Structures are given as C-alpha cells and as structure tokens.
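Take a look at the structure set out below.
A note on names: the letters A, B, ... follow the listed sequences, proteins ahead of strands, and every chain is numbered from 1. Just so you know, these numbers come straight off a predicted model, no measurement behind them.
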There are 2 protein chains.
Amino acid sequence: MVTLKDIAREAGVSVMTVSNVVNGNLSKVSKENAQRIREIIERRGYVPNASARSLAKNRANIIAIILRGAENENTLENPHNAALVGTIIQKIQKRGYYTMVNMMKCREDITQSLRTWNVDGAVFLGMFDDEIEEMCAASDIPMVFIDSYSSVRQLSNVGIDDYKGGRLAARHLIACGHRSIAFVSPPVLRTGVVQHRFAGFCDELEQHGISFRSEHQFVLESDVRPEDTMELGRRLAQLREKFSAVFVTSDQIASYLIQGMRSTGIRIPDDMSIIGFDDLMICRQMTPQLTTIAQDLEEKARLSVDILFRRLSAPAAPAESLVLDVTLVERESVAVKR
Amino acid sequence: MVTLKDIAREAGVSVMTVSNVVNGNLSKVSKENAQRIREIIERRGYVPNASARSLAKNRANIIAIILRGAENENTLENPHNAALVGTIIQKIQKRGYYTMVNMMKCREDITQSLRTWNVDGAVFLGMFDDEIEEMCAASDIPMVFIDSYSSVRQLSNVGIDDYKGGRLAARHLIACGHRSIAFVSPPVLRTGVVQHRFAGFCDELEQHGISFRSEHQFVLESDVRPEDTMELGRRLAQLREKFSAVFVTSDQIASYLIQGMRSTGIRIPDDMSIIGFDDLMICRQMTPQLTTIAQDLEEKARLSVDILFRRLSAPAAPAESLVLDVTLVERESVAVKR
DNA sequence: CTGAAAGCGCTTACAG
DNA sequence: CTGAAAGCGCTTACAG
C-alpha cells in the first residue's frame with residue numbers, strides 16, 4: 001500500500017506538503033512541487049486511507065441510510081422504498097460522500113453503527129416516534145427522517161400530506177357515489193403515515209354524513225406478504241354486499257388485493273372500486289389501471305438530502321420539516337355508482 | 001467521546017486489558033476485571049472507533065455493493081436489482097459486516113472507494129467484461145460478480161442460465177404455434193446477459209427450422225424509460241401482421257410494452273403473445289398475468305454472499321462460478337395459435 | 001512556501 | 001493475567 005510517506009520520500013519533501021497537494025491546499029505549495037507531487041501520486045496510484053483521515057479529522061465522510069423493516073423483511077422489495085433509497089444514494093455520492101446502508105433490526109445496532117463509524121449524518125426511513133427519540137438522544141449528528149411523525153421538537157423531517165391524501169381518497173369515492181367504503185392497511189397504526197391517512201379518510205366521510213364502520217377496517221400483518229394480501233382480497237370479495245369500494249394505503253398492497261379479488265371472479269371496478277396510494281409505476285402496469293393518491297418520490301429524496309447537507313454545513317441551522325403535497329390521479333379502478 | 005483510555009483509567013487498568021475485554025479475548029483477562037470493565041463500558045456507553053480499529057488492524061469490516069447503472073439512472077428502480085440488493089445487505093449485516101453502496105459512474109471512482117476504505121470484499125451487479133478486468137487488476141480483495149459474463153479466469157460469479165432461458169422462451173412460443181417472433185431488449189448486447197438470452201432464443205428457433213429475422217429485433221435505449229418502451233409497444237402493435245409473439249428480456253420492460261400495445265387497442269394475448277423474463281411480482285399483478293422465464297433472486301443473493309465470505313475466510317479458496325437454473329412459468333400472456 | 005512534532009483511538013508484539 | 005511501547009496513515013497547530 002502506497003502512503004503519504006512513500007510519496008513524500010520519492011518527491012523529497014515532507015508528508016505535509018504531499019498532504020496539502022492531496023487536499024488541494026495549493027496556496028501552501030509551490031507550483032513546481034505541486035506539479036511534481038501530483039505526477040508521482042498519479043504514477044504510484046496513491047489513494048488516501050479513509051480510516052486514517054477519518055481518525056485524524058474526526059470526520060468520516062459517510063452518510064448512513066437507515067431502513068426500518070420488520071423482522072426478516074426485505075424493505076427494498078417495496079418499490080416505494082427502493083426508488084427512494086436509490087435516488088438518495090445518488091445524491092449523496094454526487095456530493096462526495098460515501099453511503100452506508102443499514103437495515104434496522106434493533107435500535108442499539110443503529111446507534112452503534114452511527115457512532116462506531118463516526119458517521120456525519122443519517123437519513124431514516126419510516127421510523128416511529130419512540131425510536132426517533134432514542135436516535136436523537138443517542139447521537140447529535142444531523143439526521144433527516146422521511147415519512148415520520150414525531151413529537152420530538154426540532155426534528156428535520158420530509159413527509160407528505162398523508163391526512164389530505166386520506167381526505168382526497170374519500171372525497172373521490174364519495175363523489176363517485178360510494179357510501180360504504182372499506183379501509184385496508186398494514187398494521188402500522190401506532191402513529192405513522194397510515195394513521196394520518198386513516199384520519200383524513202374518516203374525517204372526510206364524516207363531513208359527508210357517513211360514519212366509518214370499524215368492521216370495515218382490515219389490517220394486514222405486513223405489507224410485503226402477497227399471499228396474505230391476496231387472501232384478504234378474496235375475503236373482501238365475499239363481502240361486496242357490505243361495501244362498494246376500498247381505500248388501500250399503498251399501491252403495492254392494492255395490486256395484490258385486486259389479484260385476490262379477481263380470482264373470485266368479481267370485476268373491478270364494476271363490482272368493487274379500489275383506490276391506492278403512492279402512484280408507483282405498477283399503477284399503470286395493472287389492468288384496470290389504478291386510481292391513486294400520488295406523491296413525488298424523486299422530490300422527497302432530493303429534499304431530504306438537501307436538508308441533511310444544509311445541516312452538515314451549518315450545524316446551527318434550524319430543523320426543517322417539509323410536507324409535500326399529494327394529488328388524486330384518476331385512472332380506471334373506481335366506478336361511478338348510481 | 002468515550003475512548004478505551006477513559007475506560008482504562010476508570011477501571012484502573014491498562015488500555016490493553018480493556019481492549020481484550022471489548023474484543024472478547026477473555027482468556028487474557030481475570031474474571032473480576034472483565035466483569036468490572038464490562039460494567040463500566042456499559043455505563044459509559046463506550047463504542048469502539050471503527051476508523052481507529054480499521055487503521056490498526058488494516059481491515060475495515062466493510063463489504064461494498066457496486067451497482068452498475070447508466071448515467072443518471074436509478075438502478076434500484078429496477079425491482080430485480082432492488083430485491084437483490086436488499087437481500088444482500090441483510091446477509092452482510094447478519095455476518096457482522098457493514099455495507100457501503102456505490103453507484104458506478106466511472107471505474108476510477110469504484111476502485112478508489114474500494115481502496116480508500118480498505119474494503120474487505122465487494123459484490124458487483126451487472127458489470128461488463130472490460131470493467132471486470134479493470135476491477136480485478138486494481139484490487140485483489142475478494143469479489144463476487146452477479147450476472148456477469150467474463151473471460152477473466154478465476155472469477156467468482158453467480159448467474160443464471162440465460163442461454164437456456166432464451167431457448168425455453170422460444171420453445172414455448174413455438175409449441176404454441178408461433179413462427180414469427182420479435183425480440184425486445186435493452187442495448188446491453190455487448191457481452192452480457194441479454195446476448196446469451198438472445199443466442200439461446202435464436203438457436204432454438206433455428207433448430208425448429210425458423211431463422212430469426214434481424215428486422216424483428218428491437219433495442220431499447222434503456223430499461224427504465226417507461227415512455228420510450230410504451231412508444232415501442234405502440235409501434236410493435238402496428239406490426240402485428242409481421243409477427244404474432246414477442247420475447248422480452250425483462251418483465252419490467254414487458255409490462256410497459258404491453259401498456260403501450262394496449263393503448264392501440266390490440267388484445268393480449270389474442271392479437272399478440274408476450275413472454276417476459278425474471279418472474280417478478282408484477283407478473284401476477286398484471287392482466288393478463290405474464291408468462292415468463294423465472295429465476296430465483298433470493299437464492300442468487302444468498303449464494304453470492306456465501307461465496308464472498310468463503311473467500312474472505314479462506315483467501316486461497318478457489319473461485320466459484322455458479323449458474324442457477326431457470327424455468328418457464330406459464331401464465332396468461334401467450335396464446336395458442338392455430 | 002516548508003517541515004518537525006504531537007496526536008487521533010486503536011492493535012500488535014513483546015516483556016514481565 | 002497485565003502493561004509499556006511502537007505503530008497504523010493521516011491531520012492539526014505551530015514554528016520557521
């Protein structure tokens with residue numbers, strides 16, 4: 001392994017001078033020396049040792065992405081998360097930082113990782129309030145959360161207007177003549193995204209004089225278990241006398257649900273209307289194409305990284321909390337009922 | 001920040017003793033000391049500094065995942081890659097290593113990252129031969145490639161039988177009575193996966209006395225540009241007098257293609273049969289459900305990591321190259337033609 | 001513009 | 001079982 005010292009010896013200068021060249025502090029090095037040293041670096045294929053640098057500078061140049069996922073679940077199987085993570089990694093890289101990705105199993109693992117690597121900042125996906133509190137307490141590096149709801153003050157978060165999403169979904173279904181509507185979601189009601197979508201949904205119903213009936217709420221154990229979801233689809237199909245439409249909190253789930261319903265022979269949207277959430281690509285790949293509440297993933301990723309780096313360069317900068325808009329995208333999965 | 005020294009001082013022992021406790025070398029420490037030190041570590045919340053450790057041990061405990069993606073493309077938007085990466089990260093973590101993810105923009109970036117962090121090993125997705133050569137030349141850490149074809153000897157690679165996949169697709173279409181068949185793929189013909197699928201496809205046709213006509217080959221600029229792909233779908237629909245079936249090298253592409261075709265009013269599979277590749281979840285989310293060539297992603301991820309760690313623990317171990325099987329999964333997108 | 005010294009937090013190799 | 005010394009490759013802070 002080639003080190004600063006090797007280069008210095010070959011160039012007949014001190015390590016400091018080489019270090020200055022490597023780090024672009026050219027004001028401190030004579031033109032001739034700089035040129036000669038650069039040439040030697042190039043020829044010898046010198047690459048600085050990041051660990052040594054990190055140790056000396058007390059700064060690692062690493063951003064961590066923390067993915068919250070249920071036990072043994074592959075969070076990236078969810079297209080929403082995958083697209084988000086991919087974009088975030090690109091943005092981090094573009095700014096000259098390295099990315100570490102962690103699947104959160106338990107909280108200590110995460111705080112440990114952050115501290116052991118002396119990570120500069122972190123982006124969290126889908127964390128809950130108690131976890132957020134713990135993270136904030138355990139470390140004071142800049143953190144940005146995505147899609148979290150938290151009572152922690154001074155939290156940087158990028159989310160969407162989930163409540164409005166719920167209202168839009170309900171409003172659309174009502175406008176299409178549906179009065180009795182089911183709600184399907186994963187079990188994460190304990191304070192997150194789903195809860196707010198549900199609240200918006202119920203409030204909108206209420207406003208139209210409809211009260212949501214709790215027996216119309218269906219909770220899935222997980223959002224990446226196709227089989228379970230299809231099974232629920234079949235069950236819902238049997239209940240089509242009870243309601244004429246379903247609001248589902250993700251397109252991913254909606255697609256499996258529809259598959260399950262279909263297998264019983266019921267027609268969508270004729271026999272049952274469905275509205276999803278996210279506006280993933282699959283909405284257009286399905287038949288009928290899925291009506292859904294759209295959010296802008298690219299924007300979400302971009303803003304998260306922007307905020308993180310703003311805090312990195314100005315640690316005293318205020319926490320920023322952004323709420324992106326959502327819109328209804330009408331396609332083919334909701335029927336007008338008379 | 002709490003350091004070994006702090007703990008040592010508090011415990012009234014040397015840093016070495018604390019270091020031994022931290023690293024579980026308990027044979028070198030008396031029971032009482034070990035217990036007391038552990039208690040202090042716990043209370044003070046000591047976390048070892050990975051950079052310092054990495055520097056001293058010359059070993060970082062990091063595995064890099066390198067994603068090859070076209071300029072400005074989000075590789076993780078491809079569900080195949082996303083699922084693979086997610087599983088790989090989990091397996092790496094389970095073995096007590098950290099994961100760095102890199103999108104490959106240019107080659108120097110990658111070799112630089114690997115060396116600067118003194119990465120222990122790396123997993124590469126979808127690299128081409130010339131790139132592979134360069135990686136192998138630039139670094140001698142254990143590397144495992146996924147889905148690569150290379151003339152480099154002693155390469156560890158985990159792939160699937162792409163050639164057979166091509167044959168299976170052709171055979172199925174022929175068995176269903178199709179004689180004139182189109183081929184759609186991304187532009188990566190320069191030696192990879194696509195080329196072998198194409199070769200298998202052509203050979204099988206040949207064997208049945210059909211020669212593939214080059215004007216029936218359609219190359220997309222990229223595999224994640226829905227608009228372009230849909231446009232091609234519309235074009236193909238116009239050409240339905242020329243061929244009655246299409247073999248597409250990925251389910252992802254097939255789905256957009258179908259969308260495009262559909263928009264012109266042609267029916268699938270009645271007017272045009274389609275067969276995909278990968279067996280992603282979307283195959284079942286679509287209508288008609290997509291007939292495809294299936295591969296086992298979970299297995300691919302698992303084996304890649306297994307091989308990598310085998311090489312990590314036994315650097316002299318031979319390179320392993322694994323070829324997983326593929327199978328035809330019949331669903332609804334291929335019609336029997338008379 | 002240049003460099004010698006000290007230090008970042010850990011481990012290796014050795015002496016007791 | 002325990003510890004003092006040297007070193008990993010870099011940077012910071014200072015003196016010239």
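The aromatic ring centres of A/F128 and A/Y149 sit 6.0 Å or more apart.
Listed by chain and number, the residues in a side-chain hydrogen bond (donor to acceptor under 3.5 Å, both in side chains) with B/R153 amount to none (sequence neighbours excluded). For A/T99, there are no side-chain hydrogen bond (donor to acceptor under 3.5 Å, both in side chains) partners at least two apart in sequence or on another chain. By the salt bridge (Lys or Arg N to Asp or Glu O under 4.0 Å) test, A/R36 is found to be paired with no residue, residues two or more places apart in sequence or in another chain being considered. Residues forming a salt bridge (Lys or Arg N to Asp or Glu O under 4.0 Å) with A/R59 (at least two apart in sequence, or on another chain): A/D120. Partners of B/E10 by side-chain hydrogen bond (donor to acceptor under 3.5 Å, both in side chains), not counting sequence neighbours, listed by chain and number: B/R43, B/R44. Applying the salt bridge (Lys or Arg N to Asp or Glu O under 4.0 Å) test to B/E108 and every residue at least two apart in sequence or in another chain returns nothing. Listed by chain and number, the residues in a ring pair (Phe, Tyr, Trp, His ring centres under 6.0 Å) with A/Y46 amount to none (sequence neighbours excluded). Applying the side-chain hydrogen bond (donor to acceptor under 3.5 Å, both in side chains) test to A/N61 and every residue at least two apart in sequence or in another chain returns nothing.
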Item to check | Worked verdict on A/D306 versus A/K91 for salt bridge (charged side-chain N to carboxylate O under 4.0 Å, His left out) | outcome: CA-CA 9 Å; A/D306 283 353; A/K91 309 271 181 208; over 6 Å; no
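Atom-to-atom, CG of B/N25 to P of C/dC10 comes out at 15 Å; the value is rounded to the nearest Å. In this structure, A/N118 atom CG and C/dC8 atom C1' are separated by 11 Å, rounded to whole Å. Regarding A/N23, its CG atom lies at a distance of 17 Å from the P atom of D/dG9, rounded to whole Å.
For the strand DNA chain C, secondary-structure stems (runs of at least three Watson-Crick or G-U pairs, all distances below 3.5 Å) span C:1-3 with D:14-16, C:5-12 with D:5-12, C:14-16 with D:1-3.
Remark: A/L55, A/A56 in residues 52-62 of chain A come within less than 4.0 Å of DNA chain C through at least one heavy atom. Within residues 38-50 of chain B, the residues having any heavy atom under 4.0 Å from DNA chain C are, by residue number, B/Y46, B/P48, B/N49.
Judged by distance alone, the side chain of B/S54 and the main-chain N or O of A/S51 form no donor-acceptor pair under 3.5 Å.
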Give every pair of a protein N or O atom and an N or O atom of nucleotides 1-5 of chain D that lie under 3.5 Å apart, one pair per line with the distance.
unit_1: D/dC1; atom_1: OP2; unit_2: B/S27; atom_2: O; d: 2.6
unit_1: D/dT2; atom_1: OP1; unit_2: B/S30; atom_2: OG; d: 3.4
unit_1: D/dT2; atom_1: OP1; unit_2: B/N33; atom_2: ND2; d: 2.5
unit_1: D/dT2; atom_1: OP2; unit_2: B/S30; atom_2: N; d: 3.0
unit_1: D/dT2; atom_1: OP2; unit_2: B/N33; atom_2: ND2; d: 3.4
unit_1: D/dG3; atom_1: OP2; unit_2: B/S14; atom_2: N; d: 2.9
unit_1: D/dG3; atom_1: OP2; unit_2: B/S14; atom_2: OG; d: 3.3
unit_1: D/dG3; atom_1: OP2; unit_2: B/T17; atom_2: OG1; d: 3.0

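Separating the CG atom in B/N25 from the OG atom in B/S19 is a distance of 7.0 Å, to the nearest 0.5 Å.
Put simply, B/S19 has no side-chain N or O that comes within less than 4.0 Å of OP1 or OP2 on C/dC10.
By the 30° and 60° cut-offs, the orientation of the rings of B/F145 relative to B/F124 is parallel.
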